[in-house]
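The structure under discussion appears below in the form of structure tokens.
Whatever order the structure lists ligands and atoms in, that order sets their numbers, starting from 1.
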Amino acid sequence: MTITNDKPSQKTARPVTPLGILVQQLEQIVEQGKEEGISSQLQSAIESAYELGAGLDPYLEQITTQESEALANLDRKTREEDWSQSFSDGETVRRLEQEMLSGHIEGQTLKMFVHMTGAKRILEVGMFTGYSALAMAEALPENGRVVALEVDPYTAQLGRNCFDVSPHGQKIEIMVDSAINSMKKLAADGQTFQLAFLDADKTEYKDYYRLLLDEGLLEDGGYIFVDNSLLQGQAYLPPEKRTLNGDAIAQFNQMVADDPRVEQVLLPLRDGLTMIRKL
Ligand SMILES: C[S@@+](CC[C@H](N)C(=O)[O-])C[C@H]1O[C@@H](n2cnc3c(N)ncnc32)[C@H](O)[C@@H]1O
């Protein structure tokens, strides 16, 4: 059995989703089985399990509407960047990595959600190089707006350069500051949003959620989409297997589940995407 992965972005990116991690582990078990000469029946069973898992993401990529040229360009620029060098050189204020980018499937999902909800004012918390911001902007009408929050000026500028070559880029306004500061400013200005996408500091998700619901940033009937709500499986793995971020996500998920002001569903897409509706 040959294990291949044709997509250049996936060759170098380390797995950051429960499925990606599971597939990597199965790949190691398949190889180990060959070395240790296990029974052909067991070898064949683990190869089938590997095949089932490994085929899913490439298939989703294949049958999902292809991304625009502007999104493909943004993805390429993000992968070309040497993020660890940029951090060592002091260009980025945070340690960033290409794996942070949401990408094709999640971008198309968010774009579809914007069409379905008819949202015109969107708040993105955690922009990075702007893949999700631009994907959502592509679904907005001309008078729609995405306010994208990002603490790192370098990545915000990289995103801005990519937005400027898209016909939808002018719908995106970037605020460079800590997300909490920006959200407080927006609330003080009386700004409201119909849709918010949370994707910044996992340990601050609870604060973003409270600011949206308690400070009036999210309109009644509005939606919050939350990325990484499975956090590589740590949300449901035993507490001793969780990192600080895993703990934060598990607590955040429970807080949302216990909140009678909303209804929600956690979609097992990529690293988990929770859809929350304010009642
Ligand atoms: C996972 S990435 C966002 C990915 C992006 N949504 C996409 O689709 O490509 C998280 C981003 O949030 C930013 N971030 C982290 N903590 C932040 C904070 N406290 N305030 C504002 N931005 C923050 C990071 O600099 C990083 O660029």
Side-chain angles (χ1 to χ4, degrees), residues 9 13-14 16-17 67-68 70-81 83-84 86-87 90-114 122-139 146-163 166 168-169 172-186 195-212 224-232 244-245 248-249 252 269-274:
S9 62
R14 81 194 146 79
V16 287
T17 64
E67 63 197 353
S68 65
L71 284 172
N73 173 57
L74 192 152
D75 180 281
R76 205 165 36 241
K77 289 264 186 306
T78 306
R79 276 188 282 121
E80 281 166 6
E81 186 74 26
W83 291 103
S84 91
S86 304
F87 182 67
E91 283 176 317
T92 64
V93 295
R94 297 177 64 91
R95 199 174 273 287
L96 302 170
E97 51 183 8
Q98 68 172 59
E99 288 84 355
M100 287 180 157
L101 183 134
S102 51
H104 175 211
I105 305 300
E106 192 163 355
Q108 291 302 309
T109 304
L110 290 169
K111 200 170 162 177
M112 190 69 86
F113 288 162
V114 174
I122 298 175
L123 179 66
E124 169 163 278
V125 184
M127 183 190 99
F128 188 40
T129 52
Y131 193 97
S132 44
L134 185 57
M136 292 189 287
E138 286 183 354
V146 178
V147 176
L149 313 184
E150 174 53 54
V151 74
D152 187 84
Y154 182 82
T155 191
Q157 186 58 51
L158 206 155
R160 183 77 261 165
N161 296 344
C162 293
F163 298 158
S166 160
H168 303 279
I172 305 169
E173 179 197 328
I174 307 174
M175 291 176 77
V176 181
D177 197 348
S178 88
I180 291 178
N181 279 351
S182 296
M183 290 174 84
K184 285 183 177 163
K185 263 186 229 152
L186 289 165
L195 192 160
F197 177 51
L198 305 188
D199 196 13
D201 186 338
K202 312 308 158 198
T203 63
E204 290 185 352
Y205 272 18
K206 281 193 203 171
D207 303 303
Y208 307 150
Y209 181 83
R210 288 195 190 107
L211 281 160
L212 284 165
I224 306 175
F225 298 123
V226 185
D227 200 18
N228 307 108
S229 50
L230 288 174
L231 218 278
Q232 305 179 0
L244 198 69
N245 280 348
I249 288 292
F252 171 79
L269 183 106
R270 259 187 114 245
D271 196 26
L273 181 62
T274 300

Counting heavy atoms only, which of [options] is nearest [atom]?
| atom | options | value |
| --- | --- | --- |
| atom 1 (C) of ligand 1 | Glu124, Met136, Arg95, Met100 | Met100 |
| atom 4 (C) of ligand 1 | Asp199, Asp207, Thr155, Val176 | Asp199 |
| atom 22 (N) of ligand 1 | Leu110, Val151, Thr92 | Val151 |

Between Phe252 and Thr274, does a side chain to side chain contact (heavy atoms under 4.5 Å, CB included) hold up when you go through it step by step?
CA-CA 11 Å; Phe252 171 79; Thr274 300; 5.9 Å; no

Which of the numbered atoms in ligand 1 are below 4.0 angstrom from a heavy atom of [X]?
| X | answer |
| --- | --- |
| Tyr131 | 9 (O) |
| Phe128 | 2 (S), 3 (C), 4 (C), 5 (C), 27 (O) |
| Ser178 | 20 (N) |
| Ala200 | 12 (O), 14 (N), 17 (C), 23 (C) |
| Ser102 | 7 (C), 8 (O), 9 (O) |

Counting only heavy atoms, which portion of Leu96 has something under 4.0 Å from ligand 1: side chain, backbone, both, or neither?
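For Leu96, the contact with ligand 1 is made by the side chain alone.
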
Which segment of Met127 sits under 4.0 Å of ligand 1 when only heavy atoms are counted
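It is the backbone that touches ligand 1; the side chain stays farther off.
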
Judged by atom type as modelled, is there a donor-acceptor pair below 3.5 Å linking the side chain of Tyr205 to the main-chain atoms of Asp227?
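Yes.
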
List the closest protein heavy-atom neighbour of [atom]: residue, atom name, distance to the nearest 0.1 Å.
| atom | answer |
| --- | --- |
| atom 26 (C) of ligand 1 | Glu150 OE1, 3.5 Å |
| atom 7 (C) of ligand 1 | Ser132 OG, 3.4 Å |
| atom 19 (N) of ligand 1 | Glu204 OE1, 3.2 Å |

Decide whether Tyr209 and Lys206 meet the rule of one side-chain donor and one side-chain acceptor closer than 3.5 Å.
no

Side chains of Thr155 and Glu150, donor plus acceptor under 3.5 Å:
no

Any [X] side-chain heavy atom under 4.5 Å of [Y] side chain:
| X | Y | answer |
| --- | --- | --- |
| Met183 | Leu123 | yes |
| Thr109 | Phe225 | no |
| Leu74 | Phe163 | yes |
| Val151 | Asp177 | no |
| His104 | Gln108 | yes |

May I ask you to check whether Gly126 has an N/O atom sitting below 3.5 Å from an N/O atom of ligand 1?
yes

Is the closest N or O pair between Ala179 and ligand 1 shorter than 3.5 Å?
yes

Evaluate the criterion side chain to side chain contact (heavy atoms under 4.5 Å, CB included) for residue pair Asp271 and Val16; output intermediate values, then yes/no.
CA-CA 7 Å; Asp271 196 26; Val16 287; 5.8 Å; no

Tell me whether Tyr208 reaches ligand 1 (any heavy atom closer than 4.0 angstrom to a ligand atom).
yes

